[in-house]
Amino acid sequence: MKFYCANHDFKKAKIVLLGVPYDGTSSFKPGSRFAPDAVREASYGIESYSPYLKKDLRDVKICDLDNIPLSFGDKELNFKIIETFIEKIVYSKKQLISIGGEHLISYPIIKSFVKKYKNLTVLHIDAHSDLIESYRGERFSHASVMKRVGEVVGFDNLYQLGIRSMNSTDMLLPKRDTNMHLFDLEKIDEFTERIGKNPVYVSIDLDVLDPSIFSGTGTPEPGGVTYKELLKCILYFGKLNIVGADVVELSPHYDSSGVSSVVAASVMRELLLVV
Ligand code: MN
Ligand code: MN
């Protein structure tokens, strides 16, 4: 099953959609590897038209490449598979939007983008800073993914929004006092201005949303933003030069109502229409 309206050929497509069903380092509750297919299924329950953006998915050439076939358990091997796969898309000059999977998938994806875009900016939206050095000795974890990403792109080029769960030492990292905005997404206008025309990779960890509207996630964090606040932030993306994006950390089975998958599909629709 493809995402609703994403049935164009790769060659003709403007945007490429890809599932990355990996949840090998989920520290609390695993299950995000089931998200790509749940999002695709939920996409048939919403309209293709966005009244917010006044655009329709039917008018955009999107190619859904299905899920990357990954191995189970071997992280290094999965990194290699993901990097090789993504590199081909990066050099095809198409925009890539990936559906996780847990947040660690952003690391190999961003590494592939950096090979082409040396001055890549990363805009990270999340409840968690994901900046710890390691999680129980594991340096490559969904809880440390932005630490590893910062080491690749430079912490000056990492902008973070919505953070409400962090380590007391996070602020010791470069530019965290100006590039990390806590609790809500209001600094998006300032960040948009500062980023300017630089190539941007956007990483949306859906647990930035409040668990009351998005319970289907492995590490829920109270005190989150509303859907409308996230949407308002996404509307700013139209001003940015976005080369790639991902939407991660939906774990559909923790929300028996299915609402979380619909929320994720709606976020995907707006992303596909705004970039
Ligand atoms: Mn995260
Ligand atoms: Mn998170």
Side-chain angles (χ1 to χ4, degrees), residues 20-36 39 75 78-79 82 97-111 122-136 138-153 155 158-167 169-170 173 176 179-185 201-227 229-230 233-234 244-255 260-261 263-264 267-268 271:
V20 189
Y22 177 77
D23 63 5
T25 77
S26 292
S27 53
F28 188 35
K29 301 192 287 182
S32 60
R33 69 175 184 270
F34 300 108
V39 170
K75 199 186 311 171
N78 283 324
F79 280 180
I82 295 171
I97 301 185
S98 308
I99 316 173
E102 58 151 271
H103 214 157
L104 185 60
I105 65 145
S106 304
Y107 175 73
I109 296 175
I110 289 171
K111 263 180 80 184
V122 175
L123 178 60
H124 168 225
I125 297 170
D126 199 329
H128 310 92
S129 67
D130 293 348
L131 287 173
I132 60 168
E133 179 49 35
S134 64
Y135 189 82
R136 299 191 184 171
E138 177 55 73
R139 289 183 75 249
F140 293 94
S141 155
H142 74 146
S144 64
V145 62
M146 286 302 146
K147 183 75 186 292
R148 299 290 90 82
V149 164
E151 288 163 358
V152 173
V153 301
F155 287 96
L158 173 63
Y159 291 80
Q160 299 179 289
L161 284 169
I163 311 299
R164 58 188 185 274
S165 173
M166 58 196 290
N167 207 294
T169 56
D170 283 1
L173 290 163
R176 285 315 86 197
N179 285 12
M180 187 202 281
H181 181 68
L182 301 178
F183 309 124
D184 57 50
L185 311 173
Y201 185 91
V202 178
S203 185
I204 303 178
D205 182 332
L206 290 167
D207 66 25
V208 73
L209 291 161
D210 194 76
S212 57
I213 52 160
F214 190 78
S215 57
T217 192
T219 37
E221 193 66 46
V225 303
T226 65
Y227 181 74
E229 285 166 332
L230 179 58
C233 176
I234 290 174
D246 61 50
V247 174
V248 298
E249 296 286 355
L250 165 68
S251 257
H253 297 146
Y254 296 116
D255 179 3
S260 300
S261 299
V263 168
V267 169
M268 282 297 297
L271 254 186

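For reference, positions follow the sequence shown, starting with 1. Just so it is clear, the values below take in all heavy atoms, side chains as well, and ignore hydrogens, waters and symmetry mates. Start at 1 and go down the list; that is how both ligands and their atoms are numbered.
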(request) Report the residue from Lys75, Glu102, His142 that forms a side chain to side chain donor-acceptor pair (under 3.5 Å) with Thr25. (result) Glu102
Among the N/O/S atoms of [X], which is closest to the Mn ion (ligand 2)? Give the atom name.
X      : answer
Asp205 : OD2
Asp126 : OD1
His128 : ND1

(message) Closer than 3.5 angstrom, by distance alone: can the side chain of Ser144 be matched with the main-chain N or O of Arg139 as a donor-acceptor pair?
(response) yes
(request) Would you check if there is a donor-acceptor pair between the side chains of His128 and Asp205 at a distance under 3.5 Å? (result)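 On atom types as modelled, these side chains do not qualify, holding no pair under 3.5 Å.
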(message) Within this structure, what is the OG-CD1 distance for the pair Ser32 and Ile99, rounded to the nearest 0.5 Å?
(response) 12.0 Å
(message) Working to the nearest 0.5 angstrom, can you tell me the gap between Ser215 OG and Leu209 CG?
(response)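 The CG atom of Leu209 is 11.0 Å from OG of Ser215, to the nearest 0.5 Å.
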(message) Strictly under 2.8 Å, is the Mn ion (ligand 2) approached by any N, O or S atom of Glu221?
(response) no
(message) Of all the N, O or S atoms in His103, which has the shortest distance to the Mn ion (ligand 1)?
(response) ND1
(message) Between the Mn ion (ligand 1) and Asp130, which N, O or S atom of the residue is the nearest one?
(response) OD2
